[in-house]
Engineer: 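I'd like to ask some things about the structure below.
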There are 2 protein chains.
Amino acid sequence: MSGPIRVVVADDERMVRTALRVILDAESGIEVVGEATTGAEAVSVVRERLPDVVLMDVRMPGIDGIRATEQILATLAAPPRVVVVTTFENDSHVYDALRAGAAGFLLKRAAAEELIQAVRLVARSDSLLFPAQIRDLAARHAPAGATARAWTARLTGREAQVLRLMATGRTNAEIAERMGVGPATVKTHVAAVLAKTGTRDRTQAVIAAYESGFVRPR
Amino acid sequence: MSGPIRVVVADDERMVRTALRVILDAESGIEVVGEATTGAEAVSVVRERLPDVVLMDVRMPGIDGIRATEQILATLAAPPRVVVVTTFENDSHVYDALRAGAAGFLLKRAAAEELIQAVRLVARSDSLLFPAQIRDLAARHAPAGATARAWTARLTGREAQVLRLMATGRTNAEIAERMGVGPATVKTHVAAVLAKTGTRDRTQAVIAAYESGFVRPR
DNA sequence: ATCCGGCTCCGCCGTGCGGGGGAGAGCGCC
DNA sequence: GGCGCTCTCCCCCGCACGGCGGAGCCGGAT
């Protein structure tokens, strides 16, 4: 699976969308395949275009970027990596986004090279992306969302995805079908989730997911 | 089980506590067996005195009346009926309290006779208490919390209690032990909860409880 | 070249859970 | 007194779930 990295840009400000598009389109190996101006639109566009990476604004009208991220990660069999784009360095919503399963985040004032680098990195890596300045920023804000952060950090991508699907009330078989893997695989992931979260059954795991803010009501 | 109706009063304002106490103590067949000034204190006092009725202020320092209500209902085998006391007619927290399992609510400006009547009614009845003015008030506010209200309304007291314990991740056996009944009984209640909530297993029921606001994170 | 972690599966086995019934006791209501 | 609801508890049955151990594959790190 090579070919260009397919990117979808979701931001309600036209200027930002345009800026991201020109920077990325100018880069060989990266292709912007879609744009969205709301969270709901982002979900449907992602569903259509099936990109590798989504650049998602946190603050958007209607469904915000966090809920959009949740929906994308929960409903797609092979979800793209979501990078949250924010204006403010100390945006508390960033931590919500991370809990929601975002792969990383990026400041809007980042240089073009940083943006490109971030997209490439996140497209091939399965690990969380922590751009320089933000990494220790997260560390400093840790006390507030420490539980949830430690939580998600310990879960692998697949495990987090399985937990999100568990929190929709699905059985192992249904999760397997939706993720396009065998039931045995799902069982393995579920077992890993239970072990890492210190819970004894799926119900407790889901409760923990709610209590920690890993998933959120409504 | 006759004898006087045992009441605990929880309110951070001394004047309110005193007023409630003198009114109720003057009445034969009603006995105020404890007072609390915070939510946390309310929980411990209720645990000690095991009253039939708790008059609970919504707004208190620390743990508020709603969380205190939740904790009382979830942790006691035979929980008392909780009546929420509020100053304002259109206090939105009242609906939270109802969702939390409060048996009814009362305005602080209610007449002494209304108060006594309410305590007697709630002490012997298992149905929700809707004092005159508040009943249609609830109807008018229905759209906002309609889902949750309709939800709890359809559940019997025992069923609601079981659901709350389910939402703490307990097994049927543990719920049975805590409630002081047999496991078979719990199974019956769980089955009723699943049927009434339209869910197929305990995990889905717990999710529904969170999504509807019947139980709340933190 | 080796190791490690993540993802993908395979068995086996015990059991908690949920579905399907039924049944008796208490109680408020008409 | 009879009706209906709630709460209590019983049976049997099938299955999804969770615990256990094992295995192969891959990519990144050392």
Side-chain angles (χ1 to χ4, degrees), chain A residues 1-2 77-79 81 103 120-129 152-163 165-166 169-206 208, chain B residues 1-2 77-79 81 103 120-129 152-163 165-166 169-206 208:
Chain A
M1 206 255 257
S2 56
R81 313 290 297 168
R120 290 195 191 285
L121 179 59
V122 83
R124 61 177 157 78
S125 165
D126 267 335
S127 65
L128 287 183
L129 165 70
T152 41
R154 303 189 54 204
L155 295 181
T156 67
R158 272 323 221 191
E159 288 160 2
Q161 196 182 351
V162 166
L163 177 54
L165 289 169
M166 279 196 272
R170 278 173 240 268
T171 64
N172 288 339
E174 289 167 345
I175 295 174
E177 192 186 3
R178 180 164 287 246
M179 286 177 60
V181 299
T185 304
V186 175
K187 286 189 66 174
T188 305
H189 290 318
V190 170
V193 169
L194 297 184
K196 289 185 179 178
T197 58
T199 52
R200 74 180 161 199
D201 54 44
R202 69 202 297 105
T203 305
Q204 285 196 356
V206 169
Chain B
M1 206 256 255
S2 56
R81 314 290 295 169
R120 289 194 192 286
L121 179 60
V122 82
R124 62 176 156 79
S125 165
D126 266 335
S127 65
L128 288 182
L129 164 71
T152 41
R154 302 189 53 204
L155 296 180
T156 67
R158 271 323 220 194
E159 287 159 4
Q161 195 181 351
V162 166
L163 177 54
L165 289 168
M166 279 197 271
R170 278 173 241 266
T171 64
N172 288 339
E174 289 167 345
I175 295 174
E177 192 185 3
R178 180 163 288 247
M179 285 176 60
V181 299
T185 303
V186 175
K187 286 191 66 176
T188 304
H189 290 317
V190 170
V193 169
L194 297 184
K196 289 185 179 178
T197 57
T199 51
R200 76 182 161 199
D201 54 43
R202 66 202 298 106
T203 304
Q204 285 196 355
V206 169

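Just so it is clear, the model here is predicted, and its values are computed rather than measured. Residue numbers begin at 1 in each chain, while the letters A, B, ... track the order of the sequences.
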Engineer: Measure CE/M179(A) against C1'/dC7(C) and give the value in whole Å, please.
Structural biologist: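 Distance check: M179(A) CE to dC7(C) C1' gives 10 Å.
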Engineer: Can you name the nearest heavy-atom pair linking E159(B) to V193(B), along with the distance?
Structural biologist: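 Scanning both residues completely, I find the closest heavy atoms to be O-CG2, 3.5 Å.
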Engineer: What are the residues of residues 182-189 of chain A, sorted by number, that bring a heavy atom to within less than 4.0 Å of DNA chain C?
Structural biologist: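 Only G182(A), A184(A), T185(A), T188(A), H189(A) qualify.
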Engineer: Please report the shortest heavy-atom distance between L194(A) and R202(A), naming the atom on each side.
Structural biologist: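 In this case the closest contact between L194(A) and R202(A) is CD2-N, 4.1 Å.
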Engineer: Can you give me the closest heavy-atom contact between V181(A) and R158(A), atom names plus distance?
Structural biologist: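 Nearest pair, atom of V181(A) first, then R158(A): CG1-NH2, 3.7 Å.
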Engineer: May I have the distance from R158(A) (atom CZ) to dC9(C) (atom P), rounded to whole angstrom?
Structural biologist: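 In whole Å, dC9(C) P and R158(A) CZ are 9 Å from each other.
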Engineer: Using the side-chain hydrogen bond (donor to acceptor under 3.5 Å, both in side chains) criterion, which residues pair with D201(B)? Sequence neighbours excluded.
Structural biologist: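 With neighbours one apart ignored, the set is empty.
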Engineer: Can you name the nearest heavy-atom pair linking T199(B) to A208(B), along with the distance?
Structural biologist: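 So the minimum-distance heavy-atom pair works out to CG2-CB, 4.2 Å.
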Engineer: Send over the distance from K196(A) NZ to dC7(C) P, rounded to a whole Å.
Structural biologist: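 After rounding, the gap between these two atoms is 8 Å.
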Engineer: From CZ of R202(B) over to C1' of dC15(D), roughly how many Å is that when rounded to an integer?
Structural biologist: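 After rounding, the reported distance stands at 16 Å.
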Engineer: Whole Å only: how far is the CD atom of Q161(B) from the C1' atom of dC7(D)?
Structural biologist: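 Going from Q161(B) (CD) to dC7(D) (C1'), I get 12 Å.
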Engineer: Grab the CZ-P distance between R200(A) and dT15(C) for me, whole Å please.
Structural biologist: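 From R200(A) CZ to dT15(C) P: 16 Å.
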Engineer: Flag the pair M166(A) / T203(B) as yes when at least one side-chain heavy-atom distance between them is below 4.5 Å, and no otherwise.
Structural biologist: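 Sidechains of T203(B) and M166(A): no contact.
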Engineer: End-to-end bend of the helix from dA1(C)-dT30(D) to dC30(C)-dG1(D) (five-pair axes, 10° rounding)?
Structural biologist: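 The angle separating the two end axes equals 40°.
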Engineer: So do T197(A) and Q204(A) actually touch side chain to side chain, heavy atoms under 4.5 Å?
Structural biologist: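 Q204(A) does not reach T197(A) side chain to side chain.
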Engineer: Is any side-chain N or O of N172(A) closer than 4.0 Å to OP1 or OP2 of dA16(D)?
Structural biologist: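 No.
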Engineer: Let me know the distance between CD of Q204(A) and C1' of dC17(C), rounded to the nearest Å.
Structural biologist: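 About 15 Å, once rounded to whole Å.
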Engineer: Report the nucleotide, chosen from dT8(D), dC17(D), dG18(C), that has the shortest atom-to-atom distance to any side-chain atom of T171(A).
Structural biologist: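 Per side-chain heavy atoms of T171(A), the pick is dC17(D).
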Engineer: I'd like to check the side chain to side chain contact (heavy atoms under 4.5 Å, CB included) partners of T188(B); sequence neighbours left out, ordered by chain and number.
Structural biologist: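 Checked T188(B) against side chain to side chain contact (heavy atoms under 4.5 Å, CB included); zero matches.
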Engineer: Check whether any side-chain heavy atom of T171(B) sits under 4.5 Å from a side-chain heavy atom of R200(A), and report yes or no.
Structural biologist: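 Yes, their side chains come closer than 4.5 Å.
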Engineer: In whole angstrom, give the distance that lies between atom CD1 of I175(A) and atom P of dA16(D).
Structural biologist: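 From I175(A) CD1 to dA16(D) P: 14 Å.
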